[in-house]
Protein chains: 2
Amino acid sequence: MPRQIDHEARRHLIADAVCALADEHGFEGVTLRDVAARAGVSMGAVQRCFRTKEEMLRFALDHVGRRVLARIRTGGDGSDGGDGSGGDGAAETLARAAVETALLRGEQRAEARVWLAFVAQAAVSPPLAAVLREAYTGLTDMLARLVAAAGGADPVREAQTLLALADGLTTHVLVGHLTPAAARAALEAHLARLTAVRAPGGRGGLG
Amino acid sequence: MPRQIDHEARRHLIADAVCALADEHGFEGVTLRDVAARAGVSMGAVQRCFRTKEEMLRFALDHVGRRVLARIRTGGDGSDGGDGSGGDGAAETLARAAVETALLRGEQRAEARVWLAFVAQAAVSPPLAAVLREAYTGLTDMLARLVAAAGGADPVREAQTLLALADGLTTHVLVGHLTPAAARAALEAHLARLTAVRAPGGRGGLG
DNA sequence: GGGCTTCCGATACAGTTGCATCGAAATAAC
DNA sequence: GTTATTTCGATGCAACTGTATCGGAAGCCC
């Protein structure tokens, strides 16, 4: 298999291994040897795909970011027990996106831990921070559009608030301070307040 | 100075060194040697104070948590340009506490980075998570009391929401996605909405 | 089937890590 | 002054880290 292997596919394979390890042992537990072993390749292959470890981590972060964003865009995998009615309103779309952003579903715990590990590292690593900002900007844009569609005022700021709240709730669930149910309740209460400001049927009381 | 040194004072000194390093290089950059050097003591002294590295980290996390909580309790150091009038309403007290919780002031950036580093590590380290939960519970209790005093409904859930939002905003400022001003604006908008629900003009009566 | 290129698996290597060990220094009791 | 006790600073050590190097295997072109 020499001469031009599918490098891109292998990179994704390695990125998945990075995520699995970051999920289990945090960011410190991600070593080249463990990554290679987890990915089922040798260390040499990893080194061929990524010149340095940091390059590998950057790629993995971007990988996770894209995956999460893509899933949010599609409104989740559909395992949320919804009835599949496609004709829901903008508010409901926003709610689904927010819940998805918060990675509150059980099977997303690993992703959430990976994300948190990356965020923490990004706080002291400018290259990672750059990747992260891009992902956050994409999320904010999307949420802002949804907020605007749902009739919320000041969509950008509300999107930033929503994203920060989702991230914070995710974190608190991860460390066991909140149960997923409590986090979901908090998020939904926030959303209800957000969309009720302009929505008919609610009290309009914005001063 | 043999025979019974002030171990507690030294522990705090070391904890401060841990925080300084975690601020600069993240959690991975905290090594026993660097901590000892930063604290101005030798490795032997560190090893005498803490049996293991993890014990040291636990202590440092608790140290930071207590300090942050104490400052929040006092409503900040007073550098917030306030006029020091003590007769403000509950809403204002809540606002000050929230801003303080979010560690948005410039000189708290270091503390914020330390906190984030600890949180990320706690996601994969049950002992650290236990310390963290305690701190979060204390914060939630305090915020819940303030929310109740400000006339908000469902104080516990609102406190949880507020804490998560503050944490998320802090994170997003740290990675450069939000400016401190934007984070502050988002937080204040949330607070305004929170207290406006029951208190349209001033302090509303608790239902 | 050669020759060349591309890739990989293993190993070498210097540096660092957390922890254990141990002699020396410094007080307190006598 | 002597001794006992506590603390410290230095060093040793095994394990592990990221990276560099290198021999060999596997495909293409002739």
Side-chain angles (χ1 to χ4, degrees), chain A residues 1-22 24-61 117-118 120-122 124-128, chain B residues 1-22 24-61 117-118 120-122 124-128:
Chain A
M1 77 193 68
R3 179 77 179 281
Q4 204 152 309
I5 218 185
D6 188 349
H7 269 204
E8 205 57 27
R10 194 185 287 274
R11 267 199 264 260
H12 282 80
L13 183 73
I14 292 174
D16 283 335
V18 169
C19 293
L21 289 173
E24 292 170 13
H25 311 103
F27 215 83
E28 299 185 305
V30 177
T31 73
L32 290 185
R33 281 164 183 82
D34 289 348
V35 168
R38 174 63 66 110
V41 302
S42 98
M43 252 182 64
V46 177
Q47 288 185 273
R48 177 152 296 271
C49 281
F50 303 103
R51 209 183 309 265
T52 177
K53 183 188 183 182
E54 204 234 276
E55 186 180 316
M56 177 185 76
L57 296 180
R58 251 190 343 226
F59 183 89
L61 171 55
F118 273 118
Q121 189 67 12
V124 293
S125 165
L128 276 186
Chain B
M1 79 189 71
R3 179 80 178 280
Q4 203 150 309
I5 219 185
D6 188 348
H7 269 205
E8 206 57 25
R10 194 185 286 273
R11 266 199 265 259
H12 283 81
L13 183 74
I14 292 175
D16 284 334
V18 169
C19 293
L21 289 173
E24 291 169 16
H25 312 103
F27 214 83
E28 299 185 305
V30 177
T31 73
L32 290 186
R33 281 167 182 81
D34 289 349
V35 168
R38 175 61 67 109
V41 303
S42 98
M43 253 183 66
V46 177
Q47 288 185 275
R48 176 152 293 273
C49 281
F50 302 103
R51 210 181 308 265
T52 176
K53 183 187 182 181
E54 204 236 289
E55 186 180 316
M56 178 184 76
L57 296 179
R58 252 193 339 230
F59 183 90
L61 171 55
F118 274 118
Q121 189 66 12
V124 294
S125 164
L128 275 187

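By convention in this document, chain letters (A, B, ...) are assigned in the order of the sequence lines, proteins followed by strands, and residues within each chain are numbered from 1.
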Open item on the list: Could you tell me how far apart B:Glu28 (CD) and C:dT16 (C1') are, to the nearest whole angstrom?
Closed with: 13 Å
TODO: Please work out if A:Val35 contacts a base, only the sugar-phosphate, or nothing of the nucleic acid, heavy-atom cut-off 4.0 Å.
DONE: nothing
Open item on the list: Heavy-atom nearest nucleotide on DNA chain C for A:Arg48 versus A:Arg33: which residue maps closer to 5'?
Closed with: A:Arg48
Open item on the list: Can you measure A:Asp34 atom CG to D:dA15 atom C1' for me and round it to whole angstrom units?
Closed with: 13 Å
- [ ] Please state whether the phosphate of C:dA10, meaning OP1 or OP2, lies under 4.0 angstrom from any side-chain nitrogen or oxygen of A:Ser42.
- [x] no
- [ ] Using atom CZ of A:Phe50 as one end and atom P of D:dG18 as the other, report the distance to the nearest whole Å.
- [x] 14 Å
- [ ] Let me know the distance between CG of B:Leu32 and P of C:dT17, rounded to the nearest Å.
- [x] 9 Å
TODO: Grab the NZ-P distance between A:Lys53 and D:dT19 for me, whole Å please.
DONE: 8 Å
Open item on the list: Under 4.0 Å, counting only non-hydrogen atoms across every strand here, what does B:Val30 touch: a base, just sugar-phosphate, or nothing?
Closed with: sugar-phosphate
- [ ] Would you mind telling me which residue lines up with the more 5' stretch of DNA chain C, A:Val41 or B:Gln47, judged by nearest nucleotide?
- [x] A:Val41
- [ ] Please say which of A:His12, A:Arg11, A:Arg10 ends up in a side-chain contact (heavy atoms from CB on, under 4.5 Å) with A:Ile14.
- [x] A:Arg10
TODO: Let me know the distance between CG of B:Asp6 and P of D:dT6, rounded to the nearest Å.
DONE: 17 Å
TODO: Examine D:dT19: is either OP1 or OP2 under 4.0 Å from a nitrogen or oxygen in the side chain of A:Thr52? Give yes or no.
DONE: yes
Task: Reported OG-to-CZ distance for the pair B:Ser125 and B:Arg58, which is rounded to 0.5 angstrom - done: 8.5 Å
TODO: Describe, in one word, how the ring planes of A:Phe59 and A:Phe50 are oriented to each other, choosing from parallel (under 30°), tilted (30 to 60°) and perpendicular (over 60°).
DONE: tilted
Open item on the list: Please tell me if A:Arg10 has a side-chain N or O lying less than 4.0 Å from either OP1 or OP2 of C:dC7.
Closed with: no
TODO: Give the rounded distance in Å between these two atoms: CD of A:Glu54 and C1' of D:dT19.
DONE: 15 Å
- [ ] State the CD-CD distance between B:Glu54 and B:Gln121, to the nearest 0.5 angstrom.
- [x] 8.5 Å
